[in-house]
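Presented below is the structure to which this report refers.
Numbering of residues begins at 1 and proceeds along the displayed sequence.
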Amino acid sequence: MGVWEHPEAANICYLGLFAQQHRGQEGAGVVSRTRSQDGAPSRLHAHRGMGLVADVFENFDFELLPGDSSIGHVRYTTAGGNLLSNVQPLRADISIGPVAIAHNGNLINSDALKDELIRSGAIFNSTADTEVILHLLARAPRLHADRDTYVREAVIASLQRLKGAYSLLIMFEDRMFAVRDPNGFRPLCVGLLDGSVVVASETCAFDLIGADYVRELAPGELLELTPSGGERSVFPFGVVRETPCVFEYVYFARPDSKVFGRDVYGVRRRLGAELAREHPVAADLVVPVPDSGMTAALGYASESGLPLELGLIRNHYVGRTFIEPKQSIRDFGVKIKHNANAEVLRGKSIVVVDDSIVRGTTSRKLVAMFRRAGAKEVHMRISAPPTIDPCYYGIDTPQKEELVASRLSLSEIKDFLEVDSIAYLSVEGMYRAIHGGDPENAAKKHEAGAPGEPPRKRFCDACFTGNYPIGTPSDCGKKQTELLPS
């Protein structure tokens, strides 16, 4: 979340993070900027902590984050451990001046870059891949006397060294940069609040703070915000191959957000409808797995004509941690978050709709819970294709051998979950839902490439197909052929 030149910048940034809490629950932070005046230098002020936004900023005095500009972040670990030193925004003093950075995504060449940086004398304070960007900025050679040009080119030169997924906010004492990687893996959008520019991963943040949505940053776009409303947009990466993450639609984004130019709620309903068309079942009820399976279940129920019932109730007041009793309680970890509604389920044949199955252990326990509540038949329907490969671009999925769909066949998954039937949405059905249900339009958009290029997919679906648009960390190696500037 970023706020540029607004008198309540830090407070607005906090509220924007609150709306995007679903994107990370392990830590939160805000960095604000005060401009130089009366001989005092510009400063960056920070507050960061472990846990949820409300916990990190409980009883916080926002006068400790003064200034008219700020950036914020909620942490979701995909690289580095769950440590306070990894909580963003990261902040440093470098030759360009004080700088803070917030990063959504994952760099697949961070290990190689970090190895080179350490060998050339760099000292790292965190294990997060984001810190690599700070070191690249610190070492960018000064090729121009003009500060504006120097800072811009230092940012561009640093970004051009990166490979992976990154939506970034970089704040200096006199400007802020917002950028999406050339593939546009992660979302980033721009809005206006009282004439001030605001930037967020998702539009739901704008709804909370009362900002007007303006547009989405394009893949490969670098937006520079300067004092008094100055803006400059450049595309410094050359070739842009747009492959935004399809899992944002399936699970990660909030359903009331607009992501990659599409309404997430509408896409998820269509995913459920496509699932009902591909895999109907004679049953009494559709039961969503809350909250992630709710919207797809609405689509499934509408298309199938079956009634939707809340056969599984979620406890929304569960914190991040709890004390598990020493004396064994069957399925305690699942029960503390969900409970089967026996009055709805008893004697019924049910279609359970969820967005995905990862390891399968939670789904297996839920099925057992449905059986104990008296469900006669349990049919599992998943509104996405099987997750068969890990993500290296910012979604924390397990290694391949831990993914149930990677190690078991469909019939084996059925036996493992102890369901009467199981079916996943096809890749083709997923794209029909994303592109509005028009098969011809979906095929064109899904396969079209640039003139003279072979057909390519419009989205990254590596977790479902194993097709990684820019490779994996193992493709990057440890050595870099290009030496870092001294």
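Every residue meeting the ring pair (Phe, Tyr, Trp, His ring centres under 6.0 Å) condition with Y392, not counting sequence neighbours, appears here in chain and number order: Y468. Taking the salt bridge (charged side-chain N to carboxylate O under 4.0 Å, His left out) definition, one finds that D389 meets it with K400, sequence neighbours left out. F464 meets the ring pair (Phe, Tyr, Trp, His ring centres under 6.0 Å) test with no other residue; sequence neighbours excluded. Every side chain to side chain donor-acceptor pair (under 3.5 Å) that R33 has, sequence neighbours left out, goes to D68, S69.
Between F237 and Q160, some side-chain heavy-atom pair lies under the 4.5 Å cut-off. Between F124 and L117, the closest side-chain pair of non-hydrogen atoms falls below 4.5 Å. Side-chain contact between T127 and S85: absent, with no pair of heavy atoms (C-beta onward) separated by less than 4.5 Å.
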Side-chain donor-acceptor pairs of residues 6-19 under 3.5 Å, sequence neighbours excluded:
from	atom 1	to	atom 2	distance (Å)
H6	ND1	E8	N	3.1
H6	NE2	D194	OD2	3.1

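Just one of D461, N183, N467 meets the side chain to side chain donor-acceptor pair (under 3.5 Å) condition when paired with T243; it is N183.
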Original post:
Under the side chain to side chain donor-acceptor pair (under 3.5 Å) criterion, do N104 and S167 qualify, and how do the steps go?
Top reply: CA-CA 5 Å; N104 178 209; S167 286; 5.3 Å; no
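Across every non-hydrogen atom of L83 and M50, the tightest pair is C-SD, 3.7 Å.
Within the structure, salt bridge (charged side-chain N to carboxylate O under 4.0 Å, His left out) pairs that include any residue of residues 198-209 comprise R23-E202 (at least two apart or interchain).
In this structure, E242 does not pair ionically with R180, as no charged nitrogen and carboxylate oxygen lie closer than 4.0 Å.
In this pair, F206 and Y213 present their aromatic rings tilted. The plane angle is within the 30 to 60° band. A perpendicular orientation is assigned to the rings of F57 and F60, their planes being inclined by more than 60° (bins at 30° and 60°).
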